[in-house]
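Please read the structure below before turning to the comments.
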Amino acid sequence: MFSFHINLASIAFAETSTSTYRGQRERTCREKDQKEREREIDMEALGRKAKPVAVKVAALSGSLRKRSYHRGLIRAAIQLCEESIKDMQIEYIEIEQLPMLNTDLEGHGTFPPAVEAFRQKIKEADCVLFASPEYNFSLAAPLKNAIDWGSRPPNAWADKAAAVISTGGNGGGERAQYHLRQVGVFLDLHFINKPFFCLNAFEPPAKFDKDGNLINAEAKEKLKKVLLALHSFTLRLRGGKL
């Protein structure tokens, strides 16, 4: 009889323990579900606040003329980004204020103010857009001078994505592009390979107006494709996915 009571007590204790365990487990599950719902709500809120990944572009023209077609290409690129590539921002960087490269102008890790300001703009950019005219089968002296100043240690060009666009007669600047790409190899600039933008400015129909503005719809569409490719490649570089 005594043994029977002991067994009943053991059973009652076991049932109570099981019930307590189940209650604790249910509370744990409810708390876990609540935390998961709160996390999902937080992620949704962050998603609503998140903005598209912005790509900052430093744009350089190798021609210093105010009405140059290459400046016109950069203006067109800026307009295209404002209209249809909202997460890409192009800043035109002047290079005419840069002195001719002379390392005597360098101090101990310092540069002339104009050079320092220029280098800082390049460092802050995610990628570079070169508008390169062709002079004597190669790139223009002002652009080469700017590139050389940017390459002084520490190299401001390193590991940046880049694209080059050009216009002119015959091949539209393709030989200048070829030389610029060769320079870029040494500077660790990573140029997109396609689309290839070399525009013959003098074949009909008209490509530019009297002020150097790009007015040809087909050329604008091709330029947009270059910008989209540069945007995509920049994000791949940023994510280490080459």
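Numbering of residues begins at 1 and proceeds along the displayed sequence.
In terms of modelled atom types and a separation under 3.5 Å, the side chain of D188 and the main chain of D159 share no donor-acceptor contact. Checked by atom type and distance alone, the side chain of K225 never pairs as donor or acceptor with a backbone atom of E221 at under 3.5 Å. Under a 3.5 Å cut-off, the side chain of K207 and the backbone N or O of P205 do form a donor-acceptor pair. In terms of modelled atom types and a separation under 3.5 Å, the side chain of S132 and the main chain of S166 share no donor-acceptor contact. When atom types are taken as modelled, the side chain of N145 and the backbone of L101 share a donor-acceptor pair closer than 3.5 angstrom. Using a distance-only test at 3.5 Å, with no hydrogens or angles considered, a donor-acceptor pair links the side chain of S84 to the main chain of L80. Judged purely by atom type and a 3.5 angstrom limit, Q177 uses its side chain to pair as donor or acceptor with the backbone of F197. In this structure a side-chain-to-backbone donor-acceptor pair under 3.5 Å is present from T234 to L230. Using a distance-only test at 3.5 Å, with no hydrogens or angles considered, no donor-acceptor pair links the side chain of K220 to the main chain of I215.
Defined by atom type and a distance below 3.5 Å, a donor-acceptor pair is missing between the side-chain atoms of Q120 and E116. A donor-acceptor contact closer than 3.5 angstrom links the side chains of H179 and S138. Of the N and O atoms on the side chains of Y92 and R71, at least one donor lies less than 3.5 Å from an acceptor on the other residue.
Counting only heavy atoms from C-beta outward, the side chains of F130 and R181 never approach each other to under 4.5 Å.
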| message | Set out, in order, the CA-CA distance, both residues' side-chain angles and the distance that settles side-chain contact (heavy atoms from CB on, under 4.5 Å) for L60 and L143, then state yes or no. | response | CA-CA 8 Å; L60 283 69; L143 183 57; 4.2 Å; yes
Can you list the steps and then say if V128 with V57 is a side-chain contact (heavy atoms from CB on, under 4.5 Å)? CA-CA 5 Å; V128 187; V57 186; 6.0 Å; no
message = Test salt bridge (Lys or Arg N to Asp or Glu O under 4.0 Å) on E83 and K224; report intermediate values, then the result.
response = CA-CA 11 Å; E83 292 174 352; K224 181 179 177 180; over 6 Å; no
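Summarising the geometry, atom CG belonging to L227 is positioned 5.5 Å from atom CE belonging to M88; distances are rounded to the nearest 0.5 Å. Annotation: the span from L214 atom CG to T167 atom OG1 amounts to 8.5 Å, rounded to 0.5 Å.
Ion pairing between D126 and R238 holds under the 4.0 Å rule for side-chain N and carboxylate O. The pair K121-E91 meets the salt-bridge criterion, since a charged nitrogen lies less than 4.0 angstrom from a carboxylate oxygen. Ion pairing between a basic and an acidic side chain is recognised when a charged N comes within 4.0 Å of a carboxylate O; D148 and R152 show no such pairing.
Few gaps surround CG on N102; more than 12 heavy atoms of other groups in view lie less than 6.0 Å from it.
Under the 30°/60° scheme for interplanar angles, the aromatic rings of F202 and Y69 are found to be tilted.
Because its NZ or CZ atom is both nearer than 6.0 Å to the ring centre of F111 and within 45° of the ring axis, R119 counts as a cation-pi partner of that residue.
The aromatic ring centroids of F191 and W157 lie 6.0 Å or more from each other.
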